[in-house]
Protein chains: 2
Amino acid sequence: MQKTRTTNQRLKILEHLRNIRTHPNAEAVFKSVRKDLPVISLATVYRNLNMLASQGTILKLEINGEYKFDANTCGHQHAVCTNCGKIIDIFEPAITTYALKKLTLNGFKSGCVDIIFKGRCDKC
Amino acid sequence: MQKTRTTNQRLKILEHLRNIRTHPNAEAVFKSVRKDLPVISLATVYRNLNMLASQGTILKLEINGEYKFDANTCGHQHAVCTNCGKIIDIFEPAITTYALKKLTLNGFKSGCVDIIFKGRCDKC
DNA sequence: TACCTATTGATAACAATTATCATTAACGGT
DNA sequence: ACCGTTAATGATAATTGTTATCAATAGGTA
């Protein structure tokens, strides 16, 4: 197996995600991190977001036709406005717990559920 | 408002989705429907799938970086293998019911939840 | 300090989806 | 049954998000 190296780019990307409460896509992370690290490349942002997601450090959500990233990996949920696209965090851990408990599919091992409510936000 | 017309293309697309138990993307629907309707265009498939989804006739899921379509709109769930990408239907309506009941977000109105388990299927 | 190679930056390639536009056909009115 | 209106279509260009490529750079260990 290959050994991972700690790079400044990866640290800055993770640090940024942990400082915000939104759910940016790769492009948005790129624009934000570039303020601190002007030379960072968009490809590096994509690579690191995918790496962090595959090792479970961050969440990779599929919303509105693109990948959104979230450093909060504790079982919470999301609500998406089908009109304006706004993403809202919902903290009802019991939903996630209940879903995982009910999952008794033969052979399928899972410790992770994406729960996304679709509807209208208060402004729409 | 505009009045929708019943076209053969839309009927065939819906009929096809209701005859299968998989979760095809637009391209796959296109290839299947074209066997019956050789002149149909990929753009027409995209347009109709989006129309059917927006009116709630079918589900539009975001899995593995693309849109998948499902004619079964009754509260069931999906499991996705993070290794091979396989999508499996899970029928635990209680999960959906419980999630919607617990959703008490201020101002957010929703009657629809996408619940997607991530894990390893029996073969992986 | 020197080596190995994981990681990077820059950019090309790719894939899924949407936009465009002239043509076609659904359907209500005559 | 024939119009006339315009929603919908087919063909394709354009767009967008993401991944692949590859030479150059820089972690980490000896």
Side-chain angles (χ1 to χ4, degrees), chain A residues 1-17 22-55 57-70 80 82-83 85 87, chain B residues 1-17 22-55 57-70 80 82-83 85 87:
Chain A
M1 74 225 87
Q2 77 180 28
K3 166 176 274 235
T4 59
R5 294 175 183 174
T6 313
T7 65
N8 203 240
Q9 287 88 335
R10 191 171 307 138
L11 289 174
K12 280 289 193 328
I13 288 168
L14 185 55
E15 182 184 84
H16 171 67
L17 277 180
T22 54
H23 310 78
N25 61 7
E27 183 79 32
V29 171
F30 171 60
K31 284 181 179 168
S32 298
V33 173
R34 198 163 46 164
K35 291 173 189 167
D36 261 304
L37 220 65
V39 292
I40 198 170
S41 162
L42 178 58
T44 299
V45 173
Y46 270 103
R47 275 186 299 246
N48 280 299
L49 288 172
N50 283 336
M51 174 184 287
L52 291 167
S54 70
Q55 68 189 30
T57 307
I58 63 172
L59 289 183
K60 185 178 183 179
L61 307 166
E62 301 192 47
I63 297 175
N64 296 333
E66 58 185 23
Y67 292 114
K68 311 281 194 180
F69 300 89
D70 189 344
V80 179
T82 51
N83 187 247
I87 303 173
Chain B
M1 74 224 87
Q2 81 179 22
K3 165 176 274 235
T4 59
R5 293 173 184 176
T6 312
T7 66
N8 203 241
Q9 288 88 334
R10 191 172 306 139
L11 289 175
K12 281 287 191 332
I13 289 169
L14 185 56
E15 183 185 82
H16 171 67
L17 278 179
T22 54
H23 309 80
N25 61 7
E27 183 79 32
V29 172
F30 171 61
K31 285 181 179 167
S32 298
V33 173
R34 199 164 45 165
K35 291 172 189 168
D36 260 306
L37 221 64
V39 293
I40 198 171
S41 162
L42 178 59
T44 298
V45 174
Y46 269 103
R47 275 186 299 246
N48 281 300
L49 288 173
N50 283 336
M51 176 184 287
L52 291 166
S54 71
Q55 69 190 28
T57 307
I58 63 173
L59 289 184
K60 185 178 185 180
L61 307 166
E62 301 192 47
I63 296 175
N64 297 333
E66 58 185 23
Y67 291 112
K68 312 281 193 180
F69 299 89
D70 189 343
V80 179
T82 50
N83 188 246
I87 303 174

Once ring pair (Phe, Tyr, Trp, His ring centres under 6.0 Å) is applied, do any residues pair with A:His16, and if so which ones, sequence neighbours excluded? none

Partner residues of [X] under the salt bridge (Lys or Arg N to Asp or Glu O under 4.0 Å) criterion, sequence neighbours left out:
X: A:Glu66; answer: A:Lys68
X: B:Glu27; answer: none
X: B:Lys12; answer: none

Min and max contacting nt of DNA chain D in 5' to 3' order, chain A heavy atoms within under 4.0 angstrom, are D:dG17 to D:dT29

Expressed in angstrom and rounded to an integer, what is the separation of [X] atom [atom1] from [N] atom [atom2]?
X: A:Phe30; N: C:dG9; atom1: CZ; atom2: P; answer: 9 Å
X: B:Met51; N: C:dA19; atom1: CE; atom2: C1'; answer: 16 Å
X: B:Asn25; N: C:dC14; atom1: CG; atom2: C1'; answer: 15 Å

Could you walk me through whether A:Asp70 and A:Ile58 pass side chain to side chain contact (heavy atoms under 4.5 Å, CB included), step by step? CA-CA 6 Å; A:Asp70 189 344; A:Ile58 63 172; over 6 Å; no

Positive for side chain to side chain contact (heavy atoms under 4.5 Å, CB included) with B:Ile87, one of B:Ile63, B:Thr22, B:Leu61: B:Ile63

Neighbours of DNA chain D within residues 6-16 of chain A, by heavy-atom distance under 4.0 Å: A:Thr6

Which residues in residues 32-50 of chain A have a heavy atom closer than 4.0 Å to any atom of DNA chain D? A:Ala43, A:Tyr46, A:Arg47, A:Asn50

Kindly write out the residues that satisfy side-chain contact (heavy atoms from CB on, under 4.5 Å) with B:Asn64, not counting sequence neighbours, or none if the list is empty. B:Val80

Residues passing the side-chain contact (heavy atoms from CB on, under 4.5 Å) test with A:Arg34, sequence neighbours excluded, are A:Phe30, A:Lys31, A:Ile40

Terminal helix-axis angle for the helix from C:dT1-D:dA30 to C:dT30-D:dA1, with five pairs defining each axis and rounding to 10 degrees: 40°

What is the distance from atom OG1 of B:Thr7 to atom CG of B:Leu37, rounded to the nearest 0.5 Å? 9.0 Å

Do B:Glu62 and B:Tyr67 have side-chain heavy atoms sitting under 4.5 Å apart? yes

Heavy atoms, side chains only, cut-off 4.5 Å: are A:Leu17 and A:Pro24 in contact? yes

Identify every side-chain donor-acceptor pair in residues 45-52 of chain B under 3.5 Å, counting partners at least two apart or on other chains, and give the distances.
{"unit_1": "B:Arg47", "atom_1": "NH2", "unit_2": "B:Thr44", "atom_2": "OG1", "d": "3.1"}
{"unit_1": "B:Asn48", "atom_1": "OD1", "unit_2": "B:Arg10", "atom_2": "NE", "d": "2.5"}
{"unit_1": "B:Asn48", "atom_1": "OD1", "unit_2": "B:Arg10", "atom_2": "NH2", "d": "3.3"}
{"unit_1": "B:Asn48", "atom_1": "ND2", "unit_2": "B:Thr44", "atom_2": "O", "d": "3.0"}
{"unit_1": "B:Asn50", "atom_1": "OD1", "unit_2": "B:Lys60", "atom_2": "NZ", "d": "2.6"}
{"unit_1": "B:Asn50", "atom_1": "ND2", "unit_2": "B:Tyr46", "atom_2": "O", "d": "3.4"}

Side chain to side chain donor-acceptor pair (under 3.5 Å) partners for A:Thr57, two or more places apart: A:Gln55

Presence of A:Lys3 side-chain N/O under 4.0 Å of C:dC4 phosphate oxygens OP1/OP2: no

Need to verify one output field. Residue with the more 5' nearest nucleotide on DNA chain C, B:Phe69 or B:Thr4? B:Phe69

